[in-house]
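Below is one structure, written out as structure tokens; comments come after it.
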Amino acid sequence: MSLVDRHVGFVQALREAGIPVSVAEGLDAAQALRVIELGDRESLRAAYAATLVKKPAYRPGFDVLFDLWFPASTTGRYAERPRTRMDPDTATVEQLRDHLAHLLTGGTDQQIREFAQAMVGRFGRQPTTSPGRQNWFSYSVMRALSPETLMARILQNVLAGQERGGLAERNARRRVHDNTRRFEEAVATDVRRRIAEDSGIERIARSAVRPPLDQIDFLRITKADLARLRREVHPLARRLATRLTIKQRKGRRGRLDFRRTVRGSLQSGGVPLTTHFRPPRPHKPELVILCDTSDSVSSFAHFTLLLTYALREQFTKVRAFGFVDTVDEITRFFVPGADVVEAMTKLANEADMVRFGRTNYGHALERFAERYGDAIGPKTSLLILGDARSNYQPPALDVLRSLAAGARHAYWLNPEPRAQWDTGDSLAGDYGAVVPMHECRNVAQLTAFIETLA
């Protein structure tokens, strides 16, 4: 494969992984290859990263794909071997663990990577029924060497009689932890490389890279992803508050600016031909959030509750309501200063949102209008979050129409793909005819929705 083919394939793989790369950026990267030393792999990585990676969140996926398309070595007689007298193919497991402990204490990145490649060659191979094909696994390497169990041995050698619990131990633990992570990453990288050699780079690239954080589907999000998303929520909350600020009617003015008017009249002999007005004072809007918290959208509900928590700081008044087949106000769980994880735990245990455990949008809307109808007013923005699947129950469209008519703005965010709307028990089309419904499956789509409000 020529360098041009690798460049084109690499750029296409980035796009398929959800990392946006424009034609101009691809050309910039190609131009950068003309002014660097192509034999220096890290310079090549830096050139591609500088021209193609726009956000820090895109870097992990970029690094995985770069290692696939531009591997540090290839399997065969040209593969690098650890620079040590020990033969990794014949040494005992205990000797290998001793050598790994030495690398975790003070080995270089190159040494760790070479040792990881040798260990994948020895422990990572699993035979298959297909002739000439092999399976490769990181797990079997890590199980054989168990680097996480070497800490006690390493500390005993490093401290050599020094007092435990001091600065020296903390530094040693941090160094070993960082090198262990590098070793694990090196093993995973080499496993992906070997699989790519057997199955093709394009095939492994599609399964090896997780989507960027802003493109992970809310309905498939993990707890670890939610923790990372907390950093994304507050900027989105500020932008949403800005977009929902009540706009002034065209031609509306603020109060008369008497001083500017008098000063301007001096040019016309004291006759105030032009009147000046103060700019109208912007008003912070009020927000009402109605959130489906059923199990079918539980991951999406967790994200929207994170958003609710952040929005409390951006609006004059925020009232949040959760429902499954009945509705309860959950604003009290998100008081300023509360820990968001504790708030969600208390909400799940204490809020009255479930009667029979089956989602019923119609009954929840009726109950909301009956108990909390006064929450909706001419300064209120109503935000409904849910998949509009109501288990074939009556939709209560008249109630929703009345609520939307009483609000300043009303929007519905649906975490399901648009192609699944109006299938099965979905009432997305009926509800969307009353309240504008937007597909909101990830942070990128939420950001796009916020931008459309401008």
Side-chain angles (χ1 to χ4, degrees), residues 40-46 49 53 56-57 59-68 70-75 79-125 136-195 208-210 224 227-228:
D40 185 348
R41 184 167 174 267
E42 291 310 310
S43 293
L44 181 63
R45 184 195 299 269
V53 179
R59 187 59 192 258
F62 165 86
D63 284 331
V64 169
L65 291 174
F66 180 86
D67 289 333
L68 287 174
F70 302 94
S73 64
T74 56
T75 302
E80 297 176 277
R81 301 300 295 267
R83 299 166 187 167
T84 173
R85 297 178 181 177
M86 179 191 62
D87 186 348
D89 294 329
T90 59
T92 65
V93 172
E94 193 59 30
Q95 289 174 326
L96 294 173
R97 281 170 53 81
D98 286 340
H99 185 66
L100 177 57
H102 172 72
L103 293 178
L104 296 181
T105 304
T108 65
D109 287 344
Q110 178 69 15
Q111 291 171 334
I112 291 174
R113 183 167 61 247
E114 291 174 357
F115 185 70
Q117 292 171 359
M119 294 302 96
V120 171
R122 176 167 177 178
F123 298 111
R125 183 189 298 110
W136 299 92
F137 297 97
S138 301
Y139 171 75
S140 56
V141 178
M142 306 310 294
R143 181 180 60 184
L145 298 179
S146 302
E148 69 280 357
T149 65
L150 295 173
M151 181 65 76
R153 180 189 307 183
I154 293 173
L155 289 179
Q156 183 177 1
N157 294 333
V158 170
L159 296 180
Q162 298 183 53
E163 183 181 357
R164 300 296 296 268
L167 180 61
E169 180 178 348
R170 291 196 296 271
N171 289 338
R173 285 184 179 274
R174 181 166 55 251
R175 183 169 62 253
V176 172
H177 174 78
D178 292 343
N179 285 336
T180 300
R181 180 176 53 81
R182 292 190 183 97
F183 177 72
E184 292 172 350
E185 291 175 352
V187 169
T189 297
D190 197 58
V191 166
R192 286 192 294 265
R193 175 184 65 80
R194 293 172 186 266
I195 295 175
V209 181
R210 291 201 70 201
R228 294 161 59 204

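- Side-chain contact between Y139 and V191 is absent, with no heavy atoms from C-beta onward closer than 4.5 Å.
- Two residues are said to be in side-chain contact when any heavy atoms from C-beta on lie closer than 4.5 Å; W136 and D190 fail this criterion.
- R194 approaches V120 most closely through the heavy-atom pair NE-CG1, 3.3 Å.
- Applying the salt bridge (charged side-chain N to carboxylate O under 4.0 Å, His left out) rule to R45 yields the partners E42, D63, D67; only residues at least two apart in sequence or on another chain are considered.
- Judged purely by distance below 3.5 Å, without hydrogens or angles, the side chains of R113 and T189 never pair a donor atom with an acceptor atom.
- Judged by distance alone, the side chain of R97 and the main-chain N or O of S146 form a donor-acceptor pair under 3.5 Å.
- Side chain of R175 to backbone of T105: a donor-acceptor contact under 3.5 angstrom is found.
- Under a 3.5 Å cut-off, the side chain of R181 and the backbone N or O of H177 do not form any donor-acceptor pair.
- At least one side-chain heavy atom of R173 sits under 4.5 Å from a side-chain heavy atom of L155.
- For the pair L44/F70, a side-chain contact is recorded, criterion being any heavy-atom separation below 4.5 Å from C-beta on.
- The side-chain hydrogen bond (donor to acceptor under 3.5 Å, both in side chains) test with E114 is passed by exactly one of Q117, Q111, Q110: Q110.
- Counting only heavy atoms from C-beta outward, the side chains of V187 and M119 never approach each other to under 4.5 Å.
- R182 contributes no side-chain N or O that, together with a main-chain N or O of D109, makes up a donor-acceptor pair within less than 3.5 Å.
- F137 places none of its side-chain heavy atoms less than 4.5 Å from the side chain of R143.
- Heavy-atom minimum distance, P147 versus T180: CB-CG2, 4.2 Å.
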